[in-house]
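Below, read A as the first sequence line, B as the second, and so on, with proteins coming before strands; counting in each chain starts at 1.
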Amino acid sequence: MSDYTVLSTVPMYAFMGLMVAGALVALGLAIRSGAVRDDEAPKYRMLEDDEPQAATTDGRKA
Amino acid sequence: MSAEDVKGPSAMAAHEDKSAFGFVMAAGLFFVVSGIYALVIAAKLQYPTLLGSVSWLTYGRMRPVHTNGMLFGWLLAADMGLIYYLVPRLCGVKLWSEKLGLATLALWITIILGAVVTISLGFNQGLEYAELPLWLDILVVIAWIMFGINIFATVAVRKYQQMYVSLWYILASILWTAFVYLVGNFATMFTSGVNQANLNWFYVHNAVGLIFTPLGLALGYYFIPKASEAPLYSHRLSMIGFWSLAFVYVWTGAHHMLHGPISQWLQTVSILFSVMLMIPVWSLVWNFFATMKGQWHQLKDNVPIKFLMSGTIFYLLTCFQGPMHSLRSVNAIVSKTDWIVGHAHMAVLGAFSFFAVGGAYYAIPRMLKTKLHSQALANASFWMWLVGGLSFFVSLWIGGFLQGLQWNDPSIPFIDTVKFMQPFWAVRLIGGILMFGGILIFFWNIVATFTGRADRPSEAL
């Protein structure tokens, strides 16, 4: 039996595959750059980020 | 925090929050208007001749105004406002451009007003959630690019190298939204018949799964620890949830067309990935609940936490139903019935609106450096929303399931199944009235917080 959905599924799945490939590339780049690391530091830092604070010359909160 | 976490010099992070507040206020107003439309069309199910045959007041015109108003006028605008609030704080810098944020707000308001006018006049592309005329679709794309530039530029100059999980969800959803919206509103123009339906359901499902889900979860990951003042249980687990959602969600849209004229392999793939959705969902719910360990007493007085944790439970229920619906045997009963209407409303008005309202109750006093106008009113809005929502959702689940059983019995005339639903639609209307009361109180509370901000200094926070 003919598959009448080829017209939509082929480009749709190509785009979806592209998205997943993009996510894989993003994950690899993020790990290499240090944006993803296997530690828990961000969850403690985010609790302290509310109030505007002056930054020291090295960028850390005063 | 180690020294290498810090990227480099950064300006003083004095958050202006003009764009953030403007978006949330506009969203609140659209919430009220969309709620009025919702009540009218719910009443029309009880009284079909209500408002006569005036064209722009007919069910067919009012329903798409309601759905687009809720999705893009209220929820997406509220999410955008709260993202303008939390991204600079998580990055330790100011928003890249408040002017660009305000220009985006002006364009967004123009789009929503344009949508109300054009759909009311009968301009409609005839595709679910993609009803807007082409020129408004183009404006949406432009507005989203402006929003994306502002957020990406803010993240690019962030003070901390390692990003909190909310930032991952936000950055990804900006890209996913662009992709999903283009497919749903532009790619569909080049197809017809079952192929167009295939693309449309890919869009409809991923409008929820790759736009409102990641944005809502980003809010939950930010506001639950902030409002409870307890650190997230596990950042590692949150990242597993994020990446598994990134790889799994995109394949599920075709489960809306099970038993339809699409290929079996496509249906099977969508079922497989729909069931796999339990990985990101349960990891997130476990994370939120474990974060609240030892903090549950806060449910008594902490209104943002009430909304956020109730939203988490609604999210769990929604995402338990979703994979179950995708099983062929269950789908044969509930597909296209009012069960699905209850499910969709629980996702948008239960889970993700609860995250947005909880976040707004937490963030607005901090944006305005004042105290919330009334905790009692906020509490009242929560209970009206919760009781109204539950009666709304549950009545449609019960009615819809029975309706599905009736549809599977060819001896029952269709009109009898419509009459059968009337008591359930009456409960839905009453639940909707209660929810609308909660919306009105919420909007009044944030307006009064703004107008009376000078009387309540920030020290009172």
**Prompt:** Between the side chain of A/R45 and the main-chain N/O of B/Q162, is any donor-acceptor distance below 3.5 Å?
**Reply:**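 Here the side-chain-to-backbone pair exists.
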**Request:** Look only at the side chain of A/K43 and the backbone of B/H235, and say whether a donor-acceptor pair between them is shorter than 3.5 Å.
**Result:** no
**Proximal component of A/L18, with respect to chain B [non-hydrogen, under 4.5 Å]** = neither
**Asked** At what distance, to the nearest 0.5 angstrom, does NZ of B/K226 lie from CD of A/E48?
**Response** 8.5 Å
Given a strict heavy-atom distance threshold of 4.5 Å, which part of [X] is in contact with chain A: side chain, backbone, both, or neither?
X	answer
B/S234	both
B/L182	neither
B/A230	backbone

**Request:** Please determine which of B/V165, B/L167, B/L90, B/L232 meets the side chain to side chain contact (heavy atoms under 4.5 Å, CB included) test together with A/M46.
**Result:** B/L90
**Prompt:** Among B/G193, B/P231, B/S166, which has the most heavy-atom pairs under 4.5 Å with chain A?
**Reply:**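 The answer is B/P231.
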**Asked** Between B/W176, B/F179, B/W168, which has the largest tally of heavy atom pairs under 4.5 Å with chain A?
**Response**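 Counting heavy-atom pairs under 4.5 Å, the top option is B/F179.
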**Prompt:** More than 12 foreign heavy atoms under 6.0 Å from OH of B/Y233: is that the case here?
**Reply:** no
What closest approach, in Å, do [X] and [Y] show between heavy atoms, and which atom pair accounts for it?
X	Y	result
B/W243	A/A23	CZ3-O, 3.3 Å
A/E40	B/R236	OE2-N, 3.0 Å
A/P42	B/Y164	O-CD1, 3.7 Å

